Amino acid sequence: QVQLVESGGGLVQAGGSLRLSCAASGRTFNMYAMGWFRQAPGKGREFVAAIDRRGVNTYYADSVKGRFTISRDNAKNTMYLQMNLVKPEDTAAYYCAAAYSGSYYYTPHSENEFGSWGQGTQVTVSS
């Protein structure tokens, strides 16, 4: 199992930008496909974005496509979520997650595909 710690959350105005980071422990980070999920108050956890082991293939929820960018730096054991043109509806706790993968190209996007989760970081977008 890999241990995950998110950072970078905070308060941002609508239309602004924020970058979240997810730091992973261990020496096998490049064996994991990674993803971001979010959970707004009173709602279930929803998929945001995913990236394969090598950072080549990505997959986004329609609600963030064109505004958010997922990336990773395997040398730093870190994944990122660049959030641009944020909206009040982006307000949520954001969680990073890891899915061990034998395939270079695997981009999971269902909760049950991920075996490791971080504790979350809060993002609040003011209107």
Side-chain angles (χ1 to χ4, degrees):
Q1 293 284 346
V2 62
Q3 306 297 316
L4 304 173
V5 178
E6 303 95 336
S7 62
L11 176 64
V12 60
Q13 286 190 330
S17 298
L18 204 62
R19 189 175 82 156
L20 305 183
S21 298
C22 173
S25 65
R27 296 176 291 177
T28 59
F29 180 66
N30 61 4
M31 293 298 294
Y32 290 84
M34 300 294 294
W36 287 99
F37 287 76
R38 66 186 182 185
Q39 187 167 19
K43 296 186 177 181
R45 192 174 294 184
E46 68 169 345
F47 169 77
V48 175
I51 190 166
D52 68 11
R53 285 172 47 185
R54 295 189 299 179
V56 173
N57 294 307
T58 58
Y59 188 84
Y60 295 93
D62 287 344
S63 58
V64 306
K65 200 173 294 184
R67 300 188 297 121
F68 291 8
T69 302
I70 189 171
S71 62
R72 65 189 294 164
D73 185 338
N74 285 348
K76 296 182 178 179
N77 281 12
T78 304
M79 175 181 64
Y80 305 97
L81 184 69
Q82 178 66 42
M83 305 169 62
N84 295 332
L85 299 174
V86 296
K87 304 175 181 180
E89 51 263 44
D90 295 321
T91 294
Y94 282 72
Y95 299 88
C96 67
Y100 190 84
S101 172
S103 168
Y104 286 130
Y105 311 109
Y106 179 51
T107 51
H109 50 278
S110 297
E111 273 194 75
N112 59 8
E113 296 179 275
F114 292 88
S116 299
W117 293 83
Q119 294 299 306
T121 185
Q122 179 67 35
V123 172
T124 302
V125 182
S126 63
S127 57

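Not measured: the values here are computed from a predicted model.
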Do you know which two heavy atoms are closest between [X] and [Y], and how far apart they sit?
| X | Y | result |
| --- | --- | --- |
| S126 | L11 | CB-CD1, 4.3 Å |
| V2 | A98 | CG1-CB, 3.5 Å |
| P108 | A99 | CG-CB, 3.8 Å |
| V125 | T91 | N-OG1, 2.9 Å |

When you measure from the side chain of [X] to the backbone N and O of [Y], does any donor-acceptor pair fall under 3.5 Å?
| X | Y | value |
| --- | --- | --- |
| N77 | F29 | no |
| Y80 | D73 | no |
| S25 | Q3 | yes |
| R72 | G55 | no |
| E6 | Q119 | yes |
| S103 | Y105 | yes |
| N74 | R53 | yes |

With rounding to the nearest 0.5 angstrom, report the [atom1] to [atom2] distance, [X] to [Y].
| X | Y | atom1 | atom2 | answer |
| --- | --- | --- | --- | --- |
| S71 | R19 | OG | CZ | 7.0 Å |
| H109 | T58 | NE2 | OG1 | 12.5 Å |
| N57 | Y104 | CG | OH | 13.5 Å |
| Q82 | I70 | CD | CD1 | 12.5 Å |
| S116 | L4 | OG | CG | 6.0 Å |
| L81 | T121 | CG | OG1 | 11.0 Å |

Minimum side-chain heavy-atom gap [X]-[Y] below 4.5 Å:
| X | Y | result |
| --- | --- | --- |
| Q39 | Y95 | yes |
| R38 | V64 | yes |
| F47 | E113 | no |

message = Applying a strict under-4.5 Å side-chain criterion to I, L, V, M, F, W and Y, I'd like to know whether V48 and W117 cluster together.
response = no
query = Taking the six-membered ring for Trp, are the ring centroids of F68 and W36 within less than 6.0 Å of each other?
reply =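 Centroid separation for F68 and W36: 6.0 Å or greater.
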ask   = Hey, what's the ring geometry for F37 with F114, parallel, tilted or perpendicular (30° and 60° as the breaks)?
value =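 The arrangement is perpendicular - the two ring planes meet at more than 60°.
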key: Heavy-atom neighbours of E46 CD exceed 12 at 6.0 Å   =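 Enclosed: over 12 neighbouring heavy atoms sit under 6.0 Å from CD of E46.
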query = For Y106, does the OH atom sit with more than 12 other heavy atoms under 6.0 Å from it, leaving out its own atoms?
reply =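 Yes, enclosed.
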query = Would D90 and K87 pass as an ion pair if we require N to O under 4.0 Å?
reply = no
ask   = Does any donor atom in the side chain of N84 or S17 lie under 3.5 Å from an acceptor atom in the other side chain?
value =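 Yes - a donor-acceptor pair under 3.5 Å links their side chains.
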